[in-house]
Trainee: 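This is the structure, below, for whatever I ask next.
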2 protein chains.
Amino acid sequence: MLEELRAVVGDENVSDDAADRYVYGSDASMHQSSPSVVVRPVSAGEVQKILRFANGRKIPVVPRGAGTGESGSAVPIDGGIVLDLKRMDRILEVRPEDMFCRVEPGVVNDELNRQLKPYGFFFPPTPASGKVCTIGGMIANNASGMRAMKYGATRDAVLGLKVVLANGDLVTMGSATIIQASGYQLERLMVGSEGTLGVIVEATLRVRPLPEERTVGRAVFYELTQAGDAISKIVATGIVPSALELMDEVAIKSVNKALGAGLPEVEALILFECDGVKASFHHEIKKIKRILEECGAFDIVISDDPQEMEKLWEVRSSVFPATSMYKENRIRATLAEDVTAPVSRLRELVEGIHQIARDNDLLIGTYGHAGEGLIHTAFLVDPRLPDEWDRTRKAVDEVFALVRHLGGTTSGEHGIGISKAPYFKKERQDLLELMRGVKKVFDPNNILNPHKLMDAPEDFFTATKLRYPIKERR
Amino acid sequence: MLEELRAVVGDENVSDDAADRYVYGSDASMHQSSPSVVVRPVSAGEVQKILRFANGRKIPVVPRGAGTGESGSAVPIDGGIVLDLKRMDRILEVRPEDMFCRVEPGVVNDELNRQLKPYGFFFPPTPASGKVCTIGGMIANNASGMRAMKYGATRDAVLGLKVVLANGDLVTMGSATIIQASGYQLERLMVGSEGTLGVIVEATLRVRPLPEERTVGRAVFYELTQAGDAISKIVATGIVPSALELMDEVAIKSVNKALGAGLPEVEALILFECDGVKASFHHEIKKIKRILEECGAFDIVISDDPQEMEKLWEVRSSVFPATSMYKENRIRATLAEDVTAPVSRLRELVEGIHQIARDNDLLIGTYGHAGEGLIHTAFLVDPRLPDEWDRTRKAVDEVFALVRHLGGTTSGEHGIGISKAPYFKKERQDLLELMRGVKKVFDPNNILNPHKLMDAPEDFFTATKLRYPIKERR
């Protein structure tokens, strides 16, 4: 196998050494399962050759971007080949006059935006991992981020794709036009398919004009309930901020600890941003401020000073790493980490998660893209405590049951992978056979990222080794 | 068959009389092929029973909205059952606080917008047939209209669907959240599938806040080239108007004749609209005006007076019916009627179509959503002339060859149906097997709108009877 792969991509781009195999055996999820080999192609032609080879021998192939996924989508549960696509990082075209750009899958989100800026355009999806995550991974997981409320998710920005199918064929989906109604929109089907239907080797993406101005605001609330009400009211008023974020007490305390942010340690904090032309959105800022005050907010800060805006946002973007520092000996387990509900049920969702934490004697922080109904949960687990993992699993079950009860969905922006598969299967039970049928059409030998999504093991906890120290797992 | 169907929907909602069968045998395309029976269900449960019955006996079922499609998508090419969904016209929920509404497929687009207005929201896609066309048909064809440039097409607004599959199963796709990454986005696959994968019985749609203000402008150009340049420049500047429309000389003369509009009969007319808050978009209006002037526009009219704006738009919305009055004895054949290219190639597209008209001694008007790269062609055919249809068919071939050459796509917003199928097959040749595979997964007995899209006959002209008088067809 190694010989054949080396002949395709060169010796230096094939590795089966233990360190590489370990590193490529995990992403930002709990899971660990090493591939047999890591291959780093640089072109669609190389990807075609690798897939032809793998398909002939029925060797699993797992496409991978930056490995920032939190659900195990890029973990090669059956071993085989990990296809690292980061070398395919060319921005092929920027065509502001046609409102699109054309890129390879390994282009990093923030780098794309740096390249689009001189043209006065940007690519709206804004995952928190934007500094490193790749466009290919964003498409495979239908990434969103805090600006999706106004500008849509990755699925709304994909106009066309070039895809290498399991059999090595290179096909073109969609088109280089901003609208099209030419049959089945397979390019939209590829979005969120987590590498199970084909390898994306090129994407044509809708870009949007950069907003000229923006203003950021922050408010704090003694009670979480008040913040939830404020969010519902803002949305119902018909205001669409470019971001509307929520942080709970655990999140606030974490960033205070990590950054010395000096925030009041109350139950809830809201951050918001409006963009466009100030002459237009200053009315909206006023309306938002009034709603916040009516709902009991205090310490409201609103600024359009670039440095201060950055400082305000730093608080939010630091939550993920900061939560790990919240309490000694606690690790952050990425579980149920992007549950999403209709915005009007957000308050119930957050309160319910806090109740589940109390019921199970666990520490769970919540924060997220409130304006989209998305809540990130931070399960802060002490792996030395007896039963901690058992109580965690029970709590995860309860969180997803709550989400279904509220009319929400298993994943808002991270995808299903391994960790969320059991809950996804419950949510989508009437669609699993269709999904398996579609999978079989695209990948009859089941070589592309097998045993994920609808085909993942029933128990995410025992599906792979875990990256964390575990007490006495059953 | 009639007895069984009557038992499901009641006597008055089943018809096999000649007049009904004739009317339901055509839409706004050239095609005519009568069904055996027309059935008008009122609920998902009735649709399930009808499909179970039809699937068991392998009887074709063609779902139908208002029948405004111009490509023959709703023409029952194999006879069987036409499923008229217009009785399923309830707006089930409007939830501004969650940014969505939930509707049945027979809801008419403009009626939905009337119901959303008191909440301060709207459903952005704006087909010219909005007064009558249904949401189900818009989803099935991925309708766009002139506001898609700013607000996206129907595909971008579909959050969730309830679908009755060929076997009668009722399934739920997507969710009631504005973002989701829970596996294959089958609801997006349904968009544009033209009734071949399932019957949409409910849709959850993203709605947007109604813009508070708008301004409409018009400019005319001696030369089409100048107008094409102006459109490219506006888009490249990063302005996204809520509409940017083009009309050529044939279109202008047609509305002059039909409405007495008194427009200067030059080569090109541009209409544009900006919406939002005036304080914001008045800068954009200024920029647009400057670009128009630089490109040689004259007779520029800009207005925010409601009556005058309506008058300006009336010109555009009358083009379709008006073209039929352009010249005596000419009928409008709906062919190649929504070709779409990258916006920067629009000028070449329009000039090329005019050249094709001259080369083939035909009369073809062009107009459309210029800001989206979409051109409607008005083939004005005199069916009494010898060879007129032969030259028309040749010209249609040439138009689609040009579109492919320019990197465009077969259909921008009307779908493929029968009339565009041969060209669609050329454009999507590397995807046809995948599409057929997907079709088979959803509809193994091939009962749902069979022989459309990738399975349509090779020659659209002989695929069905035509609604027009034809001279000596070969």
Side-chain angles (χ1 to χ4, degrees), chain A residues 96-99 120 141-142 144 148 152-153 155-156 171-172 175-186 188-189 191-193 209 232 235-236 238 240 276-277 279-280 340-344 372-373 407-416 424 427-428 430-431 434-435 437-438 441 453, chain B residues 96-99 120 141-142 144 148 152-153 155-156 171-172 175-186 188-189 191-193 209 232 235-236 238 240 276-277 279-280 340-344 372-373 407-416 424 427-428 430-431 434-435 437-438 441 453:
Chain A
E97 69 279 19
D98 289 319
M99 293 173 271
N141 291 293
N142 191 19
S144 298
R155 63 180 176 185
D156 304 302
V171 300
T172 304
S175 59
T177 55
I178 60 163
I179 55 170
Q180 61 102 352
S182 298
Y184 299 170
Q185 314 254 317
L186 297 184
R188 299 275 164 128
L189 176 66
V191 179
S193 65
S232 278
V235 171
V240 184
V277 177
S280 151
T340 303
V343 182
S344 65
E372 300 161 13
T409 191
T410 308
S411 170
E413 58 176 5
H414 294 169
I416 298 302
F424 160 76
E427 182 189 348
R428 298 278 188 239
D430 51 353
L431 300 178
L434 286 180
M435 290 185 183
V438 168
V441 169
L453 289 162
Chain B
E97 69 279 19
D98 288 319
M99 294 172 273
N141 290 292
N142 191 17
S144 298
R155 64 179 175 186
D156 304 302
V171 299
T172 304
S175 59
T177 55
I178 61 163
I179 55 170
Q180 61 102 351
S182 297
Y184 298 170
Q185 314 252 317
L186 297 184
R188 298 274 165 128
L189 176 66
V191 180
S193 65
S232 279
V235 171
V240 184
V277 177
S280 152
T340 304
V343 183
S344 65
E372 299 160 13
T409 191
T410 308
S411 170
E413 57 176 5
H414 294 169
I416 298 303
F424 160 76
E427 181 189 348
R428 298 277 188 240
D430 51 353
L431 300 179
L434 287 180
M435 290 186 184
V438 168
V441 168
L453 289 163

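Convention: sequence-line order gives letters A, B, ...; per-chain numbering from 1. Below, each value reflects all heavy atoms present in this structure, side chains not excepted, and no hydrogens, waters or symmetry copies.
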Trainee: Of the listed residues (Leu453(B), Leu189(B), Val438(B), Ile416(B)), which shares the most heavy-atom pairs with chain A below a 4.5 Å separation?
Mentor: Ile416(B)
Trainee: Would a distance-only check, ignoring hydrogens and angles, find a side-chain to backbone donor-acceptor pair under 3.5 Å from Arg428(B) to Ser182(A)?
Mentor: yes
Trainee: Please rank Gly183(B), Gly152(B), Gly276(B) by heavy-atom pairs under 4.5 Å with chain A and give me the top one.
Mentor: Gly183(B)
Trainee: What option among Gly415(A), Gly373(A), Ala153(A) has the most heavy-atom pairs under 4.5 Å with chain B?
Mentor: Gly415(A)
Trainee: Flag the one option from Val277(B), Leu431(B), Leu186(B), Asn141(B) with the top tally of heavy-atom pairs under 4.5 Å to chain A.
Mentor: Leu431(B)
Trainee: Is chain B contacted by the side chain of Val191(A), its backbone, both, or neither, given a heavy-atom distance below 4.5 Å?
Mentor: backbone
Trainee: Hey, which of Pro209(A), Gly120(A), Ser175(A), Pro342(A) has the most heavy atom pairs under 4.5 Å with chain B?
Mentor: Pro342(A)
Trainee: Any idea which heavy atoms bring Ala176(A) and Gly407(B) closest together, and the distance?
Mentor: CB-O, 4.2 Å
Trainee: Is it the backbone or the side chain of Tyr184(B) that comes under 4.5 Å from a heavy atom of chain A, or both, or neither?
Mentor: both
Trainee: Considering only heavy atoms and a distance below 4.5 Å, find which of Gly192(B), Ser344(B), Gly408(B), Pro96(B) pairs most often with chain A.
Mentor: Ser344(B)
Trainee: What I'd like to find out is whether the side chain of Arg155(B) reaches to under 4.5 Å of the side chain of Gln180(A), using heavy atoms alone.
Mentor: yes
Trainee: Among all residues two or more places apart in sequence or in another chain, which pass the side-chain hydrogen bond (donor to acceptor under 3.5 Å, both in side chains) test with Glu427(B)?
Mentor: Thr409(B), Thr410(B)
Trainee: Picking from Thr172(B), Thr340(B), Val240(B), which has the most non-hydrogen pairs under 4.5 angstrom with chain A?
Mentor: Thr172(B)
Trainee: For chain B, which candidate among Val441(A), Val343(A), Asp98(A), Asn142(A) shows the most heavy-atom pairs at distances under 4.5 Å?
Mentor: Asp98(A)
Trainee: Please report the closest heavy-atom contact between Ile179(A) and Ser144(B), naming both atoms and the distance.
Mentor: CG2-OG, 3.7 Å
Trainee: Could you have a look at Ala279(A), Ala181(A), Gly437(A) and say which one has the most heavy-atom pairs with chain B under 4.5 angstrom?
Mentor: Ala181(A)
Trainee: Heavy-atom distance under 4.5 Å to chain B: side chain of Ala148(A), backbone, both or neither?
Mentor: both
Trainee: I need the minimum non-hydrogen distance between Glu97(B) and Val235(A), along with the two atoms involved.
Mentor: O-CG1, 3.3 Å
Trainee: Just to verify, what does Glu413(A) make a side-chain hydrogen bond (donor to acceptor under 3.5 Å, both in side chains) with, not counting sequence neighbours?
Mentor: His369(A), His376(A)
